[in-house]
K.L.:
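Next up is a structure, given as structure tokens.
For the numbers below, each heavy atom of this structure counts, side chains included, while hydrogens, waters and symmetry mates do not. Order of the sequence lines fixes the chain letters, A, B, ..., with proteins taken first and strands second; residue numbering starts at 1 for each chain.
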Protein chains: 2
Amino acid sequence: MTTKRRILDTATTLFNNATTGEVSTNHIAEAAGISSGNLYYHYPNKEAIIRAILEQMFDDFGEVWVLPHDRKVTLTDVQNTMSRLFEVLWRFRFFYREQLALMRRDPELSTRHQQMQGQRIGEQEQFFLRFVEDGVFKVPEDPSHFRAIITACWVIANNWLSFVETSGEAVEPAQLERGVNLIFRVMEPYLSEAALATQATLRGERYDQAHSNQTAVAKQP
Amino acid sequence: MTTKRRILDTATTLFNNATTGEVSTNHIAEAAGISSGNLYYHYPNKEAIIRAILEQMFDDFGEVWVLPHDRKVTLTDVQNTMSRLFEVLWRFRFFYREQLALMRRDPELSTRHQQMQGQRIGEQEQFFLRFVEDGVFKVPEDPSHFRAIITACWVIANNWLSFVETSGEAVEPAQLERGVNLIFRVMEPYLSEAALATQATLRGERYDQAHSNQTAVAKQP
DNA sequence: GTCTATATCGCGATAGAC
DNA sequence: GTCTATCGCGATATAGAC
């Protein structure tokens with residue numbers, strides 16, 4: 001692994017475990033096993049490191065919203081996509097903890113992130129439209145209402161891990177699933193009848209796995 | 001105004017306009033028109049200042065969830081409460097920008113905030129139950145589902161202003177209203193028929209009676 | 001590319017006069 | 001209560017040898 005790369009990985013780990021303010025370039029260099037001078041040979045300053053990490057995160061997001069083109073998508077595809085999304089959010093959680101502070105300190109980061117976010121939101125809209133096409137979601141009578149729900153899901157997704165952390169709960173991969181479920185709850189009223197049936201089945205299965213000696217409880221209409 | 005108080009107000013303003021990391025105790029003292037030494041006479045350190053501000057925010061939250069006891073509550077009461085909530089969130093927005101970083105740096109702040117959040121969430125649940133009682137919300141068949149929606153609204157409320165800011169839009173009082181509307185959208189499927197009609201009237205929108213067996217409302221072309 | 005050594009700066013915090 | 005003066009520290013960043 002190149003030194004440039006090791007710096008990024010080390011920094012990401014340190015940032016995730018502390019705050020960007022507490023992690024100095026000296027700390028990063030030490031943890032990466034190189035000298036401070038060497039670190040500055042590769043990156044002009046800490047902000048440049050953060051920006052480089054952000055680019056990597058952006059690349060990873062690109063792989064989140066992919067859907068199969070050879071078949072109709074189902075509710076399970078939504079679920080898997082959400083899981084992928086949360087996994088990336090988890091890997092770069094430090095960024096979402098301090099997002100606005102970081103953006104304020106570095107206008108360049110701010111601009112770049114706005115571009116990224118715009119693109120991501122666009123991808124997400126396309127994503128949901130595909131599910132409308134394939135009959136997972138009801139066809140929205142009011143597009144602005146539909147967009148509002150997407151925005152709501154967006155806000156929840158991006159802030160779920162932070163919410164867990166502020167509640168004093170340990171932030172573990174298991175919590176990612178709770179976030180996925182929460183988003184499902186918000187989307188539920190907009191699912192088609194067919195998708196709702198699928199969901200009941202899925203949830204029953206999950207329930208079975210969690211409490212294997214009990215029977216799944218299916219909600220009665 | 002006492003010096004102690006002026007320090008808090010000045011600090012709040014500075015924090016809102018920059019980040020807590022950029023605002024040093026020297027800056028606060030200077031902006032408050034006192035010496036650094038004097039500042040340290042009143043507060044032992046910057047963290048204590050932030051904690052004091054947080055206590056003030058907590059007090060302000062206490063006034064948000066009050067509801068009239070002499071009459072039934074309506075959808076308008078939800079709206080007004082949300083507006084009050086957003087107003088407080090706006091006044092102390094610096095805290096929500098850096099919440100987790102601040103909590104990590106100061107365990108005492110972290111503990112206190114968790115108490116506060118627990119209490120606030122409790123208040124919010126009571127709040128919504130009142131609206132169920134008074135027929136604004138449908139009686140939930142599944143309490144856990146209801147709680148999930150409340151959690152969703154909580155996450156959205158606390159992060160809406162940050163979302164606006166990260167999108168690069170100016171954060172103005174007008175944006176507060178958009179946040180209120182977004183939360184309404186999420187709650188909409190859980191409103192009673194009666195409340196839905198009220199909402200349509202409030203907004204001056206057409207009420208599509210597709211699922212209504214109540215009095216017809218004039219449709220606009 | 002990588003190191004050591006060092007310059008510079010400002011922050012947090014305290015001492016002591018008034 | 002308020003000020004001035006100051007110390008210690010650690011962070012960012014650079015210079016120059018190898």
K.L.:
Would the number of heavy atoms belonging to other residues, nucleotides or ligands and lying under 6.0 Å from CD of B:Q56 be above 12?
P.N.:
yes
K.L.:
Would you mind checking if A:E108 and A:R112 are paired as a salt bridge, meaning a charged N to carboxylate O distance below 4.0 Å?
P.N.:
no
K.L.:
Which word best sums up how the rings of A:F15 and A:F94 line up, parallel for under 30°, tilted for 30 to 60°, or perpendicular for over 60°?
P.N.:
tilted
K.L.:
Quick one: A:I7 CD1 to C:dT2 C1', roughly how many Å, whole number?
P.N.:
11 Å
K.L.:
If we only count heavy atoms from C-beta on, is the A:K46 to A:R105 side-chain gap below 4.5 Å?
P.N.:
no
K.L.:
Does the ring center of A:F127 lie less than 6.0 Å from the ring center of A:F131?
P.N.:
yes
K.L.:
Please determine whether a side-chain nitrogen of the Lys or Arg among B:E87 and B:R91 lies less than 4.0 Å from a carboxylate oxygen of the Asp or Glu.
P.N.:
yes
K.L.:
In whole angstroms, how far is the P atom of C:dC11 from the OH atom of B:Y40?
P.N.:
10 Å
K.L.:
Would you say the ring centroid of B:F146 lies under 6.0 angstrom from that of B:Y190?
P.N.:
no
K.L.:
Please list, pair by pair, any protein nitrogen or oxygen found under 3.5 Å from a nitrogen or oxygen in nucleotides 3-5 of chain C.
P.N.:
| unit_1 | atom_1 | unit_2 | atom_2 | d |
| --- | --- | --- | --- | --- |
| C:dC3 | OP2 | A:S35 | N | 2.8 |
| C:dC3 | OP2 | A:S35 | OG | 3.0 |
| C:dC3 | OP2 | A:N38 | ND2 | 3.1 |

K.L.:
Is the distance from OP1 or OP2 of C:dA13 to the nearest side-chain N or O of B:T25 less than 4.0 Å?
P.N.:
no
K.L.:
Please list residues of residues 42-57 of chain B whose heavy atoms come under 4.0 Å from any atom in DNA chain D, ordered by number; otherwise none.
P.N.:
B:H42
K.L.:
Which pairs, protein N/O on one side and nucleotides 7-10 of chain C N/O on the other, fall under 3.5 Å?
P.N.:
none

K.L.:
If the plane angle is over 60° it's perpendicular, under 30° parallel, otherwise tilted; pick one for B:H113 and B:F95.
P.N.:
tilted
K.L.:
Check B:R97 with B:E165, please: is the shortest side-chain N to carboxylate O separation under 4.0 Å?
P.N.:
yes
K.L.:
Any ion pair linking A:R178 and A:E169 (charged N to carboxylate O, less than 4.0 Å)?
P.N.:
yes
